[in-house]
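Letters A, B, ... are given to chains in the order of the sequence lines, protein chains preceding strands, and every chain is numbered from 1.
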Amino acid sequence: EAQVTQNPRYLITVTGKKLTVTCSQNMNHEYMSWYRQDPGLGLRQIYYSMNVEVTDKGDVPEGYKVSRKEKRNFPLILESPSPNQTSLYFCASSFSTGADTQYFGPGTRLTVL
Amino acid sequence: AQKITQTQPGMFVQEKEAVTLDCTYDTSDPSYGLFWYKQPSSGEMIFLIYQGSYDQQNATEGRYSLNFQKARKSANLVISASQLGDSAMYFCAMREWDDKIIFGKGTRLHILP
């Protein structure tokens, strides 16, 4: 089954404790992206990647890191999480750009205390 | 300035009526794409419809159509014959030349029986 998976689905952590949210897709997609969703703000793009070893900042990259060492994986790293990073995070992928629709993962709800 | 504006935070519509969700966008790029997504209360993001800036005809997908008025920079989603299952959050999004994707803040649609 074609899908985007994220782990963990739920995470409660404390300020400053490094964490990684994994994202994997099995559709051989080139484009992958991370978003955060906050009430009243919609989805905001954090980082995106056009292909292996190519990443670019979205609108809200501060406090996040990503890497794209393999085509299928695009982990989101929070080196020193803070409470304002408490949010719902979505990973998404598409075959390419332009008209290609994005397939979204199920979301990761992160709480930073 | 917001690049994607959804002016209706919430809407109530009687079942079986048609509904129009507004979306205006701001870009100086001649090549862009516009998307609509649905997010039910379960949280997943569901792709509904796509319109390219060079597409001559308005996009349609089943009960969904996109009323694309390029000169006005609007891309309204029209849902015909609404159903109870259409109750959800709806997001308009735009992909620009640099492949960043910008989402609007969303419209919460309530279908009344």
**Q** Using a 4.5 angstrom heavy-atom cutoff, name the option from B:Ile101, B:Leu34, B:Ile46 with the most pairs to chain A.
**A**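 Among the listed options, the one with the most contacts to chain A is B:Ile101.
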**Q** Say whether A:Met32 and A:Tyr35 are linked into one hydrophobic cluster, either directly or through other cluster members, by side-chain heavy-atom distances under 4.5 angstrom.
**A**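 Each belongs to a different hydrophobic cluster.
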**Q** Kindly work out whether a path of hydrophobic side-chain contacts (I/L/V/M/F/W/Y, heavy atoms less than 4.5 Å apart) joins B:Phe35 to A:Phe90.
**A**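 Shared cluster, yes.
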**Q** Should the pair B:Lys100-A:Asp56 be classified as a salt bridge under the 4.0 Å nitrogen-to-oxygen rule?
**A**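 Between A:Asp56 and B:Lys100 there is no salt bridge, as every charged N stays at least 4.0 Å from the carboxylate O atoms.
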**Q** Applying a criterion of heavy atom separation less than 4.5 Å, what residues of residues 102-113 of chain A form contacts with chain B?
**A**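 Against chain B, the residues of residues 102-113 of chain A that fall inside the cut-off (heavy atoms, under 4.5 Å) are A:Gln102, A:Phe104.
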**Q** In terms of heavy-atom proximity below 4.5 Å to chain B, should A:Ser49 be classed as side chain, backbone, both, or neither?
**A**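 When you check distances to chain B, no heavy atom of A:Ser49 falls under 4.5 Å.
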**Q** Would you say B:Glu44 and B:Ser42 are linked by a side-chain donor-acceptor pair, where the criterion is simply a distance under 3.5 Å?
**A**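 Short answer, yes.
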**Q** Is there a side chain to side chain contact (heavy atoms under 4.5 Å, CB included) between A:Thr5 and A:Cys23? Walk through the geometry before answering.
**A** CA-CA 6 Å; A:Thr5 56; A:Cys23 173; over 6 Å; no
**Q** Decide whether A:Val4 and A:Tyr89 are clustered together by the hydrophobic rule: side chain heavy atoms of Ile, Leu, Val, Met, Phe, Trp, Tyr closer than 4.5 Å, transitively.
**A**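 Not linked; separate clusters.
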**Q** If contact means a heavy atom pair closer than 4.5 Å, which residues of residues 66-87 of chain A contact chain B?
**A**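 At a heavy-atom separation under 4.5 Å, chain B is reached by no residue of residues 66-87 of chain A.
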**Q** Spell out, yes or no, whether A:Val21 and A:Val60 are grouped together once hydrophobic residues are joined by side-chain heavy atoms under 4.5 Å, including indirect joins.
**A**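 Looking at the clustering, A:Val60 is in the same group as A:Val21.
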**Q** Using 0.5 Å steps for rounding, measure from the CZ atom of B:Phe47 to the OH atom of B:Tyr37.
**A**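 Output value for this atom pair is 6.5 Å.
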**Q** When you look at OH of B:Tyr64, are more than 12 heavy atoms from neighbouring residues, nucleotides or ligands closer to it than 6.0 Å?
**A**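 Counting other residues, nucleotides and ligands, OH of B:Tyr64 exceeds 12 neighbours.
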**Q** Side chain from CB out, backbone as N, CA, C, O: work out which of these in B:Gln39 comes under 4.5 Å of a heavy atom of chain A, or both, or neither.
**A**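 Side chain only.
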**Q** Quick one: is the NZ or CZ of A:Arg36 closer than 6.0 Å to the six-membered ring centre of A:Tyr64, and within 45° of its axis?
**A**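 Not flagged: A:Arg36 not positioned over aromatic ring of A:Tyr64.
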**Q** If only side-chain N and O atoms count, and only distance matters, is there a donor-acceptor pair under 3.5 Å linking B:Ser74 with B:Gln69?
**A**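 There is no such pair between these side chains.
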